[in-house]
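Atoms within each ligand, like the ligands themselves, are counted from 1 in listed order.
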Amino acid sequence: MNLFQTSLPDIAILESAIYEETQGWSMQSFDEPAFHKALKEAGFPLPRTLIQDNHFYSKKGVLRGLQYQLPPHAQSNLIRVVHGSAYVVAVDVRRDSLSFGQWFGIELDAVSQRMLWIPEGFAHGFVALEDDTHFFCKTTNGHHKDSQRSLKWNDPDIGIDWPGFTEITISTEDAVAPLLKNSELHSEFLQGTTELKDLKVIGDKRGSLIALEQGLNIPFAIKRVYYIYDTLCDVGRGFHAHRRLEQMAICVSGSCNIVIDDGATRQQVRLDSASKALIMRNMIWREMHEFSDDCVLLVLASEHYDESDYIRNYDQFIKEVSCGKK
Ligand code: TYD
């Protein structure tokens, strides 16, 4: 199996040898060891097992997409056109990726039998270039309705150069898909991540001022703000994780230490300045210690208070984190 890298990181074109025979031809369309070897040699991460085959049939001009599923149901797809021809597109929807929002497209057809490898974190779409086009798609995860998301196929910010058609047929669902800028394109791709941010201080001789603005330095929509103060120095707080909630914590006065744990690595962050913000995405275990007498810990939160979102048992947290990674 030959692998060709594309202009988009982690997206690859794959080719299997076609053996001409007097009665036709044959090819080994999928061979996991050869597939893994090709990915490994190209420095690509190895995917989860491809567990499902999906077959799509389209008439000329039928466009499907752009679709993707959120973790833990995210899908990697190996796409081949087994009859006819199609233009197949992948869009990087990994929010922490340098190529976020960029796309790659290629024409696949039943003659070359070339395949496109689209791993988790990419939306994909395809349009049939002729009648009677059949797509064959191997995937690592089955369809999961609640995790299914879509993006507008002709979003000008993505700017896909689809082949010219007099008529495009799309499903109602795909037609009403949001633009990238309006999508709740989700931080679930950032699940389990944290970031310590330096906030811009606007200072003059009168003192200092820091502005917190949703979408600028707060990377989520704020539904709740709370603050913790008058905490005794020898008291520990927290000792929980959140399934969906994202938070940003700032010690607007005094200091405290926050232990953050993504299930694999545990580290301690010291918040001792009103200009330091700790962003904690969902599925981060946190413990707060050593509150100074004057500590006021301000927390901005993406959800209303909801006890069912809490994981208060560490073993349960580890169980849920490893479930999501399977
Ligand atoms: P808890 O989340 O356990 O605090 P910490 O993480 O600092 O240890 O919350 C303490 C109590 O306050 C608990 O009974 C739930 C309640 N609470 C609310 O009612 N609303 C809120 O927004 C928060 C954060 C807590």
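For atom 6 (O) of ligand 1, the closest heavy atom belonging to the protein is His240 CE1, 2.7 Å. Nearest protein heavy-atom neighbour of atom 8 (O) of ligand 1: Gly238 N, 2.9 Å. Shortest contact from atom 15 (C) of ligand 1 to any protein heavy atom: Tyr305 OH, 3.1 Å. In terms of protein heavy atoms, atom 2 (O) of ligand 1 is closest to Tyr310 OH, 2.8 Å. Nearest protein heavy-atom contact of atom 3 (O) of ligand 1 is Arg312 NH1, 3.2 Å. Counting protein heavy atoms only, atom 24 (C) of ligand 1 is closest to Arg224 NH1, 3.4 Å.
Within 6.0 Å of atom OH in Tyr226, more than 12 heavy atoms from other residues, nucleotides or ligands are found, so the atom counts as buried in its surroundings.
Within the 3.5 Å criterion, the main-chain N or O of Ser76 finds a donor-acceptor partner in the side chain of Thr140. A donor-acceptor contact shorter than 3.5 Å is absent between the side chain of Gln75 and the backbone of Tyr68.
Remark: Glu120 CD to Thr139 OG1 distance equals 9.0 Å, nearest 0.5 Å.
Per-atom contact check: atom 12 (O) of ligand 1 does not touch the protein, criterion being a heavy-atom distance below 4.0 Å.
A cation-pi arrangement is found for Arg266 relative to Tyr314, the charged atom lying closer than 6.0 Å to the ring centre and inside a 45° cone about the ring normal.
Between His55 and Phe136, the ring planes are perpendicular. Angles over 60° get that label, and only those under 30° would be called parallel. Relative orientation of the Tyr310 and His242 rings is perpendicular, given thresholds of 30° and 60° on the angle between their planes.
Between Met288 and ligand 1, not a single N/O pair is under 3.5 Å apart.
If you check each of Arg237, Gln247, His304 against atom 7 (O) of ligand 1, the one with the closest non-hydrogen atom is Arg237.
Interface atoms of ligand 1 facing Ile228, defined by a heavy-atom separation under 4.0 Å, are 7 (O).
The ring pair (Phe, Tyr, Trp, His ring centres under 6.0 Å) with Trp117 is formed by just one residue from the set Phe104, Phe4, Phe35, Phe44; it is Phe35.
Within the structure, the closest approach of Phe239 to ligand 1 does not fall below 4.0 Å when heavy atoms are considered.
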